Amino acid sequence: MPTRPAHQTPISIPHSTTSLAQAPRTVLLASPRSFCAGVERAIAAVEQLLADRGGPIYVRKQIVHNTHVVAGLQTRGAVFVDELDEVPPGATVVFSAHGVSPQVWREAVALGLDIVDSTCPLVAKVHAEARRFAARGDTVVLIGHAGHDETVGTLGEAPTQTVLVQTEADVAALAPPDPSRISYLAQTTLAVDETADIIAALRARFPAARGPGTDDICYATTNRQRALAAIADETDLILVVGSTNSSNSVRLVELAHRRGTVAYLIEDASQIRPEWVRHARVIGLTAGASAPPALVDDVLATLRQLGPLIVEEREITRENIRFTTPTPLGRDLDGSSTPPARH
Ligand code: SF4
């Protein structure tokens with residue numbers, strides 16, 4: 001598990017700011033927050049490989065979307081690449097938690113790479129749905145964000161039958177070959193409320209559309225959004241710890257904005273601006289599923305520099321989900337890894 005980032009720098013709090021803050025501030029800590037089971041599993045896979053084999057261990061794309069996690073693993077011997085042609089023949093490559101398309105699997109096998117698949121099981125579930133829906137001859141509507149690693153992988157399961165929609169306007173523009181044969185899926189890290197609206201628009205246009213409702217949005221994304229919604233109305237300001245390319249972190253900020261609360265996405269405590277917090281008496285604090293818990297501790301430590309702080313944890317549910325750490329796939333006699341039968 002990554003620990004506190006080495007380059008953490010505390011913010012400088014002007015004296016005028018501290019003197020304003022003699023009465024205690026309150027921080028409402030949304031819970032659950034921070035790492036989910038899929039992120040912990042993916043990071044553990046790389047850490048285990050580094051411990052067992054030493055570096056370099058190649059990872060295709062960011063293992064999870066967090067700058068600190070990636071930097072921490074890099075210093076220990078992980079090498080992050082965008083594509084497989086950057087990986088030496090026969091080397092170990094880890095697929096990230098966001099999953100990959102069958103085409104990437106085929107390339108990795110053709111290159112004789114030693115594959116460790118850390119695709120989150122909940123992303124893999126969406127891939128399985130894509131294959132199932134495509135196999136029954138449906139047009140598969142994938143609700144998601146263009147270019148995100150997860151949607152790129154899911155689209156690759158049935159590329160000629162799948163269309164990506166990002167908005168209700170995209171739904172209005174759909175022109176499937178058979179409107180009575182529509183299935184839909186969703187990226188795991190979307191906003192539950194916005195996705196429900198898109199699904200409603202899809203069902204209004206195509207009453208026969210079949211799909212899992214908003215169930216593709218994973219438990220961790222859903223819980224973090226619910227936990228944030230539970231505190232949003234009580235806060236003057238919400239801080240969300242996460243990276244700018246972390247979908248579920250960005251969704252948390254957007255959700256706070258929709259609730260009418262000022263909110264900022266911060267990589268770490270060093271990005272807190274004194275003017276944000278100067279007049280805030282109640283600050284909401286949460287973290288996206290790929291943000292290490294230590295970064296939240298750093299934020300609390302920094303806020304304590306402003307004066308007395310009351311920290312109140314607001315837990316809406318307890319998460320007990322754990323996934324087993326993925327291991328390298330078996331190697332065939334020809335030296336190639338053995339992909340799952342579906343590939
Ligand atoms: S956010 Fe959800 S889908 Fe993504 S890794 Fe975590 S549990 Fe898996």
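Read the numbers this way: they start at 1 and go in the same order the structure lists the ligands and their atoms. Excluded from the calculations below are hydrogen atoms, water molecules and symmetry mates; all remaining heavy atoms, backbone and side chain alike, are included. These numbers come from a predicted model, not from an experiment.
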Could you give the side-chain donor-acceptor pairs of residues 225-233 under 3.5 Å, partners two or more places apart or in another chain?
residue: Q225; atom: OE1; partner: V192; partner atom: N; Å: 2.9
residue: Q225; atom: NE2; partner: L190; partner atom: O; Å: 3.0
residue: D233; atom: OD2; partner: R259; partner atom: NH2; Å: 3.2

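Within ligand 1, counting atoms from 1 as listed, the ones closer than 4.0 Å to a heavy atom of Y219 are 7 (S).
Among residues two or more places apart in sequence or in another chain, the side chain to side chain contact (heavy atoms under 4.5 Å, CB included) test is passed with D215 by P212. Residues passing the side chain to side chain contact (heavy atoms under 4.5 Å, CB included) test with D85 are E83, sequence neighbours excluded.
Within 6.0 Å of CZ on R136 lie more than 12 heavy atoms contributed by other residues, nucleotides or ligands.
Just one residue in the list L142, V126, T195 forms a side chain to side chain contact (heavy atoms under 4.5 Å, CB included) with D216, and that residue is V126.
Among protein atoms, those of element N, O or S found less than 2.8 Å away from atom 8 (Fe) of ligand 1 are C120 SG.
For Q187 and T154, the side-chain atoms include no donor-acceptor pair closer than 3.5 Å.
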